[in-house]
Amino acid sequence: MPEVLEVESYRQLAERVVGATIVRGWADAYAAKKLPSPSSWARAVKNLTVTATSRRGKLLLIETSGVTLGMRFGMTGVLLIDQDAGIDGLFYGPHSYKAQWVRAGLEFADGRKLVLHDPRRLARCEIDPDLSGLGPDALSLTRKEFTQIVRIGRGEGPAIKARLLDQSVVAGVGNLLGDEILFRAGIDPRTPTALLSSDQRNRLYSAFTRTMRTLQRRGGSHLGEHMEGRFPGGHCPLDGGAMLSSAVGGRTTYWCSTHQQ
Ligand SMILES: [Zn+2]
């Protein structure tokens with residue numbers, strides 16, 4: 001599933017069309033689900049020139065001479081420009097591209113095509129997307145922004161894993177990054193957020209930023225240390241402890257029974 005690191009690589013790919021003018025756009029009924037109709041996309045994008053790209057969490061933003069175009073990638077969405085994919089292959093996604101799975105696209109005056117490829121049909125196109133519900137971006141999270149993640153007004157708060165996945169708190173962390181951050185921090189993902197000790201909070205921030213840097217360099221969310229033990233009956237690659245698994249924050253979560261307390 002595309003998380004912040006994958007969408008950042010899509011953004012870098014989309015940089016190639018900065019300066020190009022859109023002559024035609026299209027979106028199918030799935031990609032246009034958040035728009036009034038598929039034709040809204042086609043009408044909105046015509047004759048716009050791409051001026052810049054940006055991103056907030058898993059939301060790609062293509063700035064133009066008119067509206068801002070947004071793309072969300074759901075479970076299996078990949079951005080392609082002509083034959084180049086923004087990523088080699090997603091962990092849960094297909095490793096081949098088929099015309100029938102292209103949901104939306106932009107065609108430029110120079111003949112190039114940018115397309116959204118998505119077998120699972122959960123990717124979405126947006127026009128002037130609303131960013132107000134999204135927390136700070138995970139890839140550039142500052143210490144000050146991190147305090148928002150661990151600050152809970154009252155009560156114990158949600159499990160820390162659920163808190164990390166809450167896009168309104170921090171934008172971009174998905175299931176694999178969430179598990180990798182907690183694995184590196186040595187924290188049980190079920191720990192209520194407000195019950196983290198100050199030592200755990202420090203380890204969490206350091207593991208968070210280290211995970212982002214390391215996995216971005218390696219090339220994706222699926223290249224973390226905990227992945228080696230991420231299967232039923234798996235063992236921790238650090239200490240050989242049994243890896244446990246259950247749903248936390250609505251997602252299948254893996255953690256080490258020995259070093260994640
Ligand atoms: Zn372990």
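Using modelled atom types, one finds a donor on one side chain and an acceptor on the other under 3.5 Å when comparing S132 with D130. For the 3.5 Å distance criterion, the side chains of E63 and T51 fail to qualify, holding no donor opposite an acceptor. Between the side chains of R210 and T214, no donor N or O sits under 3.5 Å from an acceptor N or O.
No continuous path of hydrophobic side-chain contacts links L195 to L182 [ILVMFWY only; heavy atoms under 4.5 Å]. W26 is connected to L116 through a chain of hydrophobic side-chain contacts under 4.5 Å among Ile, Leu, Val, Met, Phe, Trp and Tyr, so both are in one cluster. Taking hydrophobic clusters as Ile, Leu, Val, Met, Phe, Trp and Tyr residues chained together by side-chain heavy-atom distances below 4.5 Å, I62 does not share a cluster with L131. Under the 4.5 Å side-chain heavy-atom criterion for Ile, Leu, Val, Met, Phe, Trp and Tyr, L59 and L114 are members of distinct hydrophobic clusters. Side-chain heavy atoms closer than 4.5 Å link hydrophobic residues (I, L, V, M, F, W, Y) into clusters, and following such links, possibly through other members, connects V102 to L69.
To the nearest 0.5 Å, atom CG of residue D179 and atom OG of residue S221 are 11.5 Å apart. Within the model, atoms CG of L196 and CZ of R201 stand 7.0 Å from one another, a figure rounded to the nearest 0.5 Å. We find the CG-CG distance between L79 and L13 to be 5.5 Å, quoted to the nearest 0.5 Å. In this structure, E6 CD and L215 CG are separated by 9.0 Å, a value rounded to the nearest 0.5 Å. Atoms CZ and CG, from R43 and L35 in turn, are 10.0 Å apart once rounded to the nearest 0.5 Å. Here CE of M212 is found 4.5 Å from CG of L177. Values are rounded to the nearest 0.5 Å.
A donor-acceptor distance shorter than 3.5 angstrom exists from the side chain of Y10 to the backbone of G77, with no hydrogens or angles considered. Side-chain atoms of E107 never come within 3.5 Å of backbone atoms of R24 as a donor-acceptor pair (strictly under, hydrogens ignored). Judged by distance alone, with hydrogens and angles left aside, the side-chain atoms of T191 form no donor-acceptor pair with the main-chain N or O of I160 at under 3.5 Å. Of the possible donor and acceptor atoms, one in the side chain of Q261 sits under 3.5 Å from a partner among the backbone N and O of S257. Formation of a donor-acceptor pair under 3.5 Å by the D137 side chain with backbone atoms of G172 is not found in this model. R103 places no side-chain N or O within donor-acceptor distance of the main-chain N or O of D28, the cut-off being under 3.5 Å.
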inquiry  = With side-chain contact (heavy atoms from CB on, under 4.5 Å) as the criterion, how do L238 and C256 come out once you've worked through the C-alpha distance, each side chain's angles and the decisive distance to 0.1 Å?
reply    = CA-CA 9 Å; L238 294 182; C256 170; over 6 Å; no
task = Check the pair Q216 / L139 against side-chain contact (heavy atoms from CB on, under 4.5 Å), numbers first and verdict last.
result = CA-CA 9 Å; Q216 187 179 28; L139 206 49; 3.7 Å; yes
request  = Applying side-chain contact (heavy atoms from CB on, under 4.5 Å), run through N202 and R143 and close with a yes or a no.
outcome  = CA-CA 10 Å; N202 287 336; R143 181 89 209 196; 2.8 Å; yes
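Scanning all heavy atoms of the two residues, the minimum distance from G135 to A171 falls at O-CB, 3.5 Å. Considering all non-hydrogen atoms of both residues, S54 and L60 come closest at O-CD1, 3.6 Å. Contact record, P189 with Q260: CD-NE2, 4.2 Å, taken as the closest heavy-atom pair. Minimum heavy-atom separation, R251 to L165: CG-CD1, 3.7 Å. Across all their heavy atoms, P158 and T193 have their closest contact at O-OG1, 2.7 Å. Nearest heavy atoms, I187 versus Q200: CD1-O, 3.5 Å.
Using a 4.5 Å cut-off on side-chain heavy atoms (C-beta onward), R163 and I149 make contact. Residues L164 and F208 are in side-chain contact: their nearest non-hydrogen atoms beyond the backbone lie under 4.5 Å apart. Considering only heavy atoms from C-beta on, M1 stays 4.5 Å or farther from L176 through its side chain. Taking the side chain as every heavy atom from C-beta outward, V50 and L106 never approach each other to under 4.5 Å. For the pair R190/T253, no side-chain contact is recorded, criterion being any heavy-atom separation below 4.5 Å from C-beta on. Side-chain contact between T76 and L122: absent, with no pair of heavy atoms (C-beta onward) separated by less than 4.5 Å. A heavy-atom distance below 4.5 Å is found between the side chains of W41 and I127.
For the ring-ring contact (aromatic ring centres under 6.0 Å, His included) condition, no pair includes a residue of residues 239-258, sequence neighbours left out.
The aromatic rings of H226 and F183 lie tilted to each other, with the angle between the two planes from 30° to 60°. Below 30°, between 30° and 60°, or above 60°: for W101 and H117 the angle between ring planes is above 60°, a perpendicular geometry.
Here E180 does not pair with R230 in a salt bridge; the nearest charged N to carboxylate O distance is not below 4.0 Å. Using a 4.0 Å cut-off between charged side-chain N and carboxylate O, D82 and R112 make no salt bridge.
No more than 12 heavy-atom neighbours from other residues, nucleotides or ligands sit within 6.0 angstrom of OH on Y30.
The ring pair (Phe, Tyr, Trp, His ring centres under 6.0 Å) test applied to F108 returns no partner, not counting sequence neighbours.
Of the options E8, R16, E15, a side chain to side chain donor-acceptor pair (under 3.5 Å) to Q12 is made by E8 and by none of the others. Just one of K33, K34, R56 meets the salt bridge (charged side-chain N to carboxylate O under 4.0 Å, His left out) condition when paired with E126; it is K34.
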